Amino acid sequence: MSLVLYSVDNRVALITVNDPDRRNAVTSAMSAELRAAVERAQADPAVHAVVVTGTGKAFCAGADLSALGSAAEEGLRRLYDGFMAVGKCTLPTIAAVNGPAVGAGLNLALAADVRIAGPNALFDARFQKLGIHPGGGATWMLQRAVGPQVARAALLFGMRFDAESAVRHGLALSVAEDPVAAALELAAGPAAAPREVVLATKATMRSTASPGSLDVDLHEQAKDTELGPQAHSIQSPEFAARLAAAQRR
């Protein structure tokens, strides 16, 4: 079974993480397939935009705990490689968040340019609840999306966001009964425009968001800054105990 599905229609690539039995939890294999799908879209001159979603009831339930428990820094880089590819994608990207987006799944949603929430969407950082340091650039992406106070409420105090509160705080653009259909409708804009204009506009926005640097470079720096503390927290006895308890359930 492919862990990532890929299709193109009307100049829009639909990329679907596809492991519903595990709520689309991220593994190294899924992450590699996700990167390959993003690169496939970028390399196709007939693709003008990308929509990312999940199969089943969840968008993405975060990193697979068994993979996370054995991950050192290089293992974490592999787990994060897929959504980092989404974050670096030169095409416009939309996350159609059909269900819970947790931990690394929240990172996947945050990596997109725009998020559309389904009625059952839930945005939950959950790093601290698991006893681990945020990773994958979560601290930077959340602050960029919702501002410092709300980001701190999420990462330090465990604040979660349903679909309506995600829109209220700027984490999602809108709520739609069918978030994939709404995302595809939104993607019709760049699909109808000249591809070179679409690419150039996104590149310009990246360079002007924080003059003097590219936003993708800031994301990479944030990921590297978080990497050491996160790897250290994963090796702690507290996380090992939490992991063992979760695996017994």
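As the structure is a prediction and not an experimental result, all values here were calculated from the model. Just the heavy atoms: all of them, side chains too, but no hydrogens, waters or symmetry mates, feed the values below. Heads up: numbering here begins at 1 and tracks the sequence.
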Are [X] and [Y] side-chain neighbours, meaning at least one heavy-atom pair lies under 4.5 Å?
| X | Y | answer |
| --- | --- | --- |
| D124 | P100 | no |
| P179 | V97 | no |
| T93 | K202 | yes |
| S210 | L218 | yes |
| D224 | E220 | yes |
| T139 | R152 | no |
| R126 | R160 | yes |
| N18 | L3 | no |

Task: Donor on one side chain, acceptor on other, Y80 and E226, under 3.5 Å - done: no
Open item on the list: Under a 3.5 Å cutoff, is there a donor and acceptor pairing between the side chains of D64 and T27?
Closed with: no
Find the distance between [atom1] ([X]) and [atom2] ([Y]) and round it off to the nearest 0.5 Å.
| X | Y | atom1 | atom2 | result |
| --- | --- | --- | --- | --- |
| D178 | N98 | CG | CG | 9.5 Å |
| L122 | F59 | CG | CZ | 12.5 Å |
| N24 | T16 | CG | OG1 | 9.0 Å |
| S2 | E33 | OG | CD | 4.5 Å |
| T225 | K223 | OG1 | NZ | 10.5 Å |
| H133 | Q230 | NE2 | CD | 8.0 Å |

Open item on the list: As a quick check of understanding, evaluate side-chain contact (heavy atoms from CB on, under 4.5 Å) for M30 and V4, giving each step before the final call.
Closed with: CA-CA 7 Å; M30 175 187 281; V4 174; 4.2 Å; yes
- [ ] Using the salt bridge (Lys or Arg N to Asp or Glu O under 4.0 Å) rule, take D19 and R22 through it: C-alpha gap first, then chi angles, then the decisive distance, then the call.
- [x] CA-CA 6 Å; D19 193 358; R22 295 195 297 176; 2.9 Å; yes
Open item on the list: Take a 6.0 Å sphere around CD of E164 and say whether it holds more than 12 heavy atoms from other residues, nucleotides or ligands.
Closed with: no
- [ ] Return yes when atom CZ of R23 has more than 12 non-hydrogen atoms of other residues, nucleotides or ligands closer than 6.0 Å, and no otherwise.
- [x] no
Applying the 4.5 Å side-chain criterion to the ILVMFWY set and letting contacts propagate, would [X] and [Y] be lumped into a single cluster?
| X | Y | value |
| --- | --- | --- |
| L76 | L155 | yes |
| F127 | L106 | yes |
| V51 | L171 | no |
| M84 | L108 | yes |
| F123 | W140 | yes |

Any side-chain to backbone donor/acceptor pair from [X] onto [Y]? Under 3.5 Å, distance only.
| X | Y | result |
| --- | --- | --- |
| R115 | A172 | no |
| H48 | A192 | no |
| E177 | G118 | no |
| R206 | K88 | yes |

For [X] and [Y], which heavy atoms make the closest approach, and how far apart are they?
| X | Y | answer |
| --- | --- | --- |
| L91 | A41 | CD1-O, 3.6 Å |
| A163 | V175 | O-CG2, 3.7 Å |
| S31 | G82 | OG-N, 2.6 Å |
| R144 | D215 | NH1-OD2, 3.7 Å |

Task: By side-chain hydrogen bond (donor to acceptor under 3.5 Å, both in side chains) - contacts of Q143 (at least two apart) - done: none
TODO: Give the C-alpha distance, both sets of side-chain angles, the deciding distance and a yes or no for side-chain contact (heavy atoms from CB on, under 4.5 Å) between L186 and I94.
DONE: CA-CA 9 Å; L186 185 63; I94 307 170; 3.8 Å; yes
Open item on the list: Evaluate E39 against R35 for salt bridge (Lys or Arg N to Asp or Glu O under 4.0 Å), listing each step before the verdict.
Closed with: CA-CA 6 Å; E39 291 176 346; R35 170 171 283 281; 3.1 Å; yes
- [ ] Tell me, with the steps shown, if V150 and F161 meet side-chain contact (heavy atoms from CB on, under 4.5 Å).
- [x] CA-CA 10 Å; V150 177; F161 308 85; 3.6 Å; yes
TODO: Using the side-chain contact (heavy atoms from CB on, under 4.5 Å) rule, take M141 and N107 through it: C-alpha gap first, then chi angles, then the decisive distance, then the call.
DONE: CA-CA 8 Å; M141 288 193 291; N107 285 359; 3.8 Å; yes
Task: Option among V8, V50, L5 that satisfies the side chain to side chain contact (heavy atoms under 4.5 Å, CB included) test with I15 - done: V50
